[in-house]
Amino acid sequence: MDRTITALRAEHDVLTGLVGTITDDQLALTSGAEEWTVAQVLSHLGSGAEIGRAPIAQAAGETVTAADNQTIWARWDASAPRAQADGFVEHNSRWLDTVEALTPGQLSSLTVDFGFLPEPVSLLTALGMRLNEVANHSWDVRVALDPEAGVDTDSAAVLVDLLAGPLGFMLNWVAKPAELAAPLSVAIPGAARGAGLVIDDAVTVVDHLESPSATFNGPLEAFVRLLSGRLKPPFDKGITVDGGVTLDDLRRVFPGF
């Protein structure tokens, strides 16, 4: 929990610093999410913070009156690029302030009802979902300004641990294991405790992998980008896969979001 919140704060501080210096022309650049500009990525993160704060605050006992999601999205979509960027700073700050004000007891006991999942989830799951969103979309913003950018190293390490635990269900939202002709296990040398990726009828990140059939050669941040469909040319320099699968094969399994 502490590592997740620390990573979320660090991601916010980096993006807030960028918003303070970025030009209008840079806001209009194509982001790492190819269908969105930099400003639109910030808008997506800002609207997500506005929407996502409400169920966490309600779980903590706050009375929250929030507009419906469609109304919120329409307001953000209609905003000018600079307002979208500034709005991200405002609403992500409020989201973080809410989380950082929770007591130790609340951090360990709260469950969050997002409405779109079958049942409420633990607070750690809720925060992990947000970190997955923020870390990948932060890369979308930063890579538009620096082609050598990567997902934050600490965020990547936390995400791999979470994907081997409470966030594991998310892999099967985004993955297409049927793209491979046979089951596969992939070692991730940069991961703690020898964690690895298993692709069969489903996709899982496991804490420890015995006798992998392939090895992913690249930093942990690149592995996180693979899972989110962001390990594409020209942002895949030096990344290789040894064994009975190619990087292109794995990219078909993880088309991205």
Side-chain angles (χ1 to χ4, degrees), residues 7 11 14-15 18 22 25-45 48 129-160 162-163 167-168 170-182 184-191 195-199 202-205 212-257:
E11 294 280 7
V14 168
L15 281 179
L18 277 178
I22 201 167
D25 287 344
Q26 289 172 323
L27 286 173
L29 292 173
T30 300
S31 74
E34 297 168 356
E35 296 181 356
W36 286 345
T37 65
V38 167
Q40 287 170 326
V41 173
L42 292 169
S43 177
H44 175 73
L45 287 175
M129 291 171 68
R130 179 62 179 173
L131 180 59
N132 186 62
E133 187 88 353
V134 171
N136 282 289
H137 286 310
S138 171
W139 179 84
D140 291 337
V141 170
R142 292 181 291 105
V143 79
L145 309 175
D146 174 11
E148 302 301 319
V151 168
D152 178 81
T153 300
D154 291 337
S155 292
V158 174
L159 282 172
V160 171
L162 289 170
L163 288 166
L167 289 192
M170 292 182 59
L171 290 170
N172 291 297
W173 288 356
V174 299
K176 298 183 182 298
E179 289 292 327
L180 293 184
L184 181 75
S185 58
V186 184
I188 313 165
L197 177 70
V198 177
I199 305 172
V203 177
T204 53
V205 172
S213 51
T215 300
F216 179 87
N217 300 307
L220 206 55
E221 71 84 18
F223 175 72
V224 169
R225 287 194 287 119
L226 169 68
L227 300 183
S228 67
R230 286 165 169 79
L231 192 59
K232 300 175 182 178
F235 309 118
D236 58 351
K237 295 176 182 176
I239 308 300
T240 61
V241 181
D242 295 333
V245 68
T246 67
L247 184 55
D248 282 339
D249 291 332
L250 292 178
R251 283 193 275 237
R252 290 200 307 275
V253 177
F254 301 103
F257 59 85

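- Leu42 is listed as a side-chain neighbour of Val38, based on a closest heavy-atom distance under 4.5 Å.
- Between His44 and Trp36, the two ring planes are tilted [angle within 30° to 60°].
- Under the 4.5 Å side-chain criterion, counting only non-hydrogen atoms from C-beta, Leu145 is in contact with Ile22.
- In plain terms, the two heavy atoms of Leu247 and Leu226 that are nearest each other are CD1-CD1, 4.4 Å.
- Closest approach of Arg130 to Leu45, counting heavy atoms only: NH2-O, 2.9 Å.
- Side chain of Arg251 to main chain of Leu231: a donor-acceptor pair is present (N/O by atom type, distance under 3.5 Å, no hydrogens or angles).
- Closest approach of Pro255 to Lys176, counting heavy atoms only: CG-CE, 3.7 Å.
- For Ala28 against Thr37, the heavy-atom pair with the smallest separation is O-CG2, 3.7 Å.
- Closest non-hydrogen pair, Val151 versus Asn136, comes out as CG2-OD1, 4.5 Å.
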task: Run the numbers on Leu227 and Val174 for side chain to side chain contact (heavy atoms under 4.5 Å, CB included), then give the verdict.
output: CA-CA 8 Å; Leu227 300 183; Val174 299; over 6 Å; no

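- Residues passing the ring pair (Phe, Tyr, Trp, His ring centres under 6.0 Å) test with Phe254: none are found, sequence neighbours excluded.
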Go through the steps to decide whether Leu167 and Val205 satisfy the test side chain to side chain contact (heavy atoms under 4.5 Å, CB included), and finish with yes or no. CA-CA 10 Å; Leu167 289 192; Val205 172; over 6 Å; no

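- The CD1 atom of Ile188 sits 7.0 Å away from atom CG of Leu220, with the distance rounded to the nearest 0.5 Å.
- Residues Thr240 and Asn217 bring a donor and an acceptor atom of their side chains to less than 3.5 Å of each other.
- Using a 4.5 Å heavy-atom cutoff, the side chains of Leu197 and Phe223 are in contact.
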When you look at Asp152 and Glu11, which way does the side chain to side chain contact (heavy atoms under 4.5 Å, CB included) test go after all the steps?
CA-CA 8 Å; Asp152 178 81; Glu11 294 280 7; 3.4 Å; yes

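- Applying the salt bridge (Lys or Arg N to Asp or Glu O under 4.0 Å) test to residues at least two apart or on different chains, the pairs with a partner in residues 214-228 are Glu221-Arg225.
- Heavy-atom minimum distance, Ser213 versus Leu184: OG-CD1, 3.2 Å.
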Could you walk me through whether Gln26 and Leu18 pass the side chain to side chain contact (heavy atoms under 4.5 Å, CB included) test, one step at a time?
CA-CA 10 Å; Gln26 289 172 323; Leu18 277 178; over 6 Å; no

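- In this structure the side chain of Val14 reaches within 4.5 angstrom of the side chain of Arg142, judged on heavy atoms.
- Using a 4.5 Å cut-off on side-chain heavy atoms (C-beta onward), Glu35 and Gln40 make no contact.
- Contact check for Leu180 versus Val253: side-chain heavy atoms found under the 4.5 Å cut-off.
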